There are 2 protein chains.
Amino acid sequence: MRLAELSASTGVSVATLKYYLREGLLQPGAVVSKTQADYDESHVERVRLVRALSEVGGLPLATIGQVLEIITAPGHDWIDVLRAAQRSLVKPLGDNGFGATDGRGRARAWVDKRGWLIEPDDPFLDELDRAWAASDAGGIGFDEDRLDRYADHVEGIARVDVSTVPEEQEAAIRQVIIGTILVDPVLAALRRLAQQHVSRSQADQA
Amino acid sequence: MRLAELSASTGVSVATLKYYLREGLLQPGAVVSKTQADYDESHVERVRLVRALSEVGGLPLATIGQVLEIITAPGHDWIDVLRAAQRSLVKPLGDNGFGATDGRGRARAWVDKRGWLIEPDDPFLDELDRAWAASDAGGIGFDEDRLDRYADHVEGIARVDVSTVPEEQEAAIRQVIIGTILVDPVLAALRRLAQQHVSRSQADQA
DNA sequence: CATATTGGGGAGCGTTACTATCCGACGTCA
DNA sequence: TGACGTCGGATAGTAACGCTCCCCAATATG
């Protein structure tokens, strides 16, 4: 398969594919001659994955590069990979206000109270702090009780996540990383739809 | 409060505040003289909200402008506002591959089967299609069964969402919009933490 | 052999979210 | 009253991102 054909079967322009090659997001094809390279199904898959992570996942291409590296790299220990992968997804935000002043460490305390087993330096504690503080800044009442009620349901989601992880090492890594990134938008869309369903059925009852 | 003080109490640079004023994201202060304008608490809140929506919600400033307009505008009917607000959040993506070929309308069929009451032209059906197709592109097995299991839990989240909406019109609109946008990151962070907790407790059991 | 196409590479472009600079009016304190 | 610093407003510049355009020489193709 030549570059133009790869372009045809992925719907991505040749120019963009060249760009991805330059950026190392797409592995080079087998060089046949100086003006011919051969691409196969694995390249098609890779391109589709890059587009999915970019368009739906909203990740910058640089981050996608890191993610692909982790997926491609030889196997590590199961839970370490999950953490490494998740770390690569944390936005490198400086301390710009949220959580810096009022709510610092609230997440840590809440997680402890709930009895979740989380490493003390987990970057997602900061993420939770930031997001929680932002919700406060939005002026909607977001207390621990509400967070607990969310957490009850999110635990169920996490159990689904974990239960669907395959046994095999490489597939597991892929599942964890891709699943973490790409399933978020699915859940967000589901939440919007469910909100409408719930509020509509309540309105019908009333 | 002068612009410099507004800057001090929000942590946002004067230059950026001027930019927000130009873009209409921040309402002008009361003009005291040609070189003096007066800002109050409402301006501080507004700036914090803009930053929250931008940094944590990840919304482009143009969209934030629309959202603020909806919040500020006089009251509409309760469920219409929810839909209008949600519509303003759908990324204006063209049909770039995902969902265009294989999975088109899968979401619609699934929603019907589940018995959710959703308008046929709801934009989030497309979102779900896209996100679902992207997960497929990621090569993780994402079938209807798994989606159903997620949906069971997401329904619970939506019930929390709906139950926390206040009675009063204006507060309700604010809650729905801000809550929809800013709670997503909270749930995402919770999901990451819950994944670790769940996989860790399973490992401990084994 | 003539022509078209290919892959590679550099430079340019449009958008987004600021940031820096300039300016003239104004408050302020001596 | 006057020197001086600061204010708000406007214009232009910048950095990152994600492409997209164009050129080139080599090669595939008829």
Side-chain angles (χ1 to χ4, degrees), chain A residues 1-40 43 46-68 91-94 96-97, chain B residues 1-40 43 46-68 91-94 96-97:
Chain A
M1 196 188 296
R2 282 164 306 174
L3 194 52
E5 298 176 78
L6 181 60
S7 164
S9 48
T10 57
V12 177
S13 78
V14 172
T16 300
L17 290 177
K18 287 181 181 183
Y19 172 66
Y20 288 170
L21 284 166
R22 259 175 275 148
E23 298 296 305
L25 294 171
L26 182 60
Q27 68 275 36
V31 175
V32 173
S33 76
K34 266 186 183 171
T35 66
Q36 214 92 2
D38 203 46
Y39 302 91
D40 58 24
H43 294 87
R46 171 66 69 91
V47 172
R48 281 208 244 268
L49 178 55
V50 169
R51 301 300 291 192
L53 291 172
S54 169
E55 292 180 5
V56 179
L59 266 62
L61 294 185
T63 305
I64 294 175
Q66 293 172 25
V67 169
L68 292 176
K91 303 155 212 153
L93 287 172
N96 31 29
Chain B
M1 197 187 293
R2 283 163 305 176
L3 195 50
E5 299 176 77
L6 182 60
S7 164
S9 48
T10 56
V12 177
S13 79
V14 172
T16 300
L17 291 177
K18 287 181 181 182
Y19 173 66
Y20 288 171
L21 284 167
R22 257 174 279 146
E23 298 295 307
L25 295 170
L26 182 59
Q27 67 274 34
V31 176
V32 173
S33 77
K34 267 185 182 169
T35 64
Q36 216 91 2
D38 203 48
Y39 302 91
D40 58 24
H43 293 87
R46 172 65 70 92
V47 172
R48 282 207 243 267
L49 178 55
V50 169
R51 300 300 292 191
L53 291 172
S54 169
E55 293 179 5
V56 179
L59 265 62
L61 294 185
T63 305
I64 293 175
Q66 294 172 25
V67 168
L68 292 175
K91 303 155 213 153
L93 287 171
N96 31 28

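These figures come from a predicted structure and were not determined experimentally. Each chain gets a letter, A, B and so on, in the order the sequences are listed, and its residues count up from 1.
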For A:V12 and A:S7 the tightest heavy-atom approach is O-OG, 2.6 Å

A:R2 has its side chain closest, among D:dC19, C:dG8, C:dT6, to C:dT6

Residues 5-16 of chain A vs salt bridge (Lys or Arg N to Asp or Glu O under 4.0 Å), sequence neighbours excluded, gives A:R2-A:E5

When rounded to whole Å, the OH to P distance for the pair B:Y19 and D:dA12 reads 16 Å

Sorted by chain and residue number, the side-chain hydrogen bond (donor to acceptor under 3.5 Å, both in side chains) partners of B:D40 (sequence neighbours excluded) come out as B:S42, B:H43

Protein heavy-atom contacts under 4.0 Å, written 5' to 3' over nucleotides 20-30 of chain C as B (base), S (sugar-phosphate only) or - (none), form the string ----BBSS---

Between OH of A:Y20 and P of C:dG9 the distance, given in whole Å, is 18 Å

A:E23 atom CD is separated from C:dG8 atom C1', nearest whole Å, by 14 Å

Of D:dC19, C:dA17, C:dG7, the nucleotide closest to the side chain of B:L61 is C:dA17

Sorted by chain and number, sequence neighbours left out, side-chain contact (heavy atoms from CB on, under 4.5 Å) with B:S33 holds for B:T35, B:Q36

Rounded to whole Å, the CG-P distance (A:L17 to D:dC21) equals 14 Å

A:M1 atom CE is separated from D:dA28 atom P, nearest whole Å, by 19 Å

Any side-chain heavy atom of B:L26 sitting closer than 4.5 Å to one from B:V50? no

Whole-Å distance, A:D38 CG to D:dA28 C1', equals 14 Å

So the side-chain hydrogen bond (donor to acceptor under 3.5 Å, both in side chains) pairs with at least one residue in residues 11-23 of chain B (sequence neighbours excluded) are B:S13-B:T16, B:Y20-B:R51

Across all chains, not counting sequence neighbours, the side-chain contact (heavy atoms from CB on, under 4.5 Å) partners of B:L59 are B:T63, B:I64, B:V67, B:L89, B:I181

With respect to the phosphate group of C:dA17, does any side-chain polar atom (N or O) of B:T16 fall under 4.0 Å of OP1 or OP2?
no

Separation of D:dG8 atom P from B:L21 atom CG, nearest Å, is 10 Å

With the side chain defined as heavy atoms from C-beta on, A:Y39 is closest, among D:dG8, C:dC18, C:dG8, to C:dG8

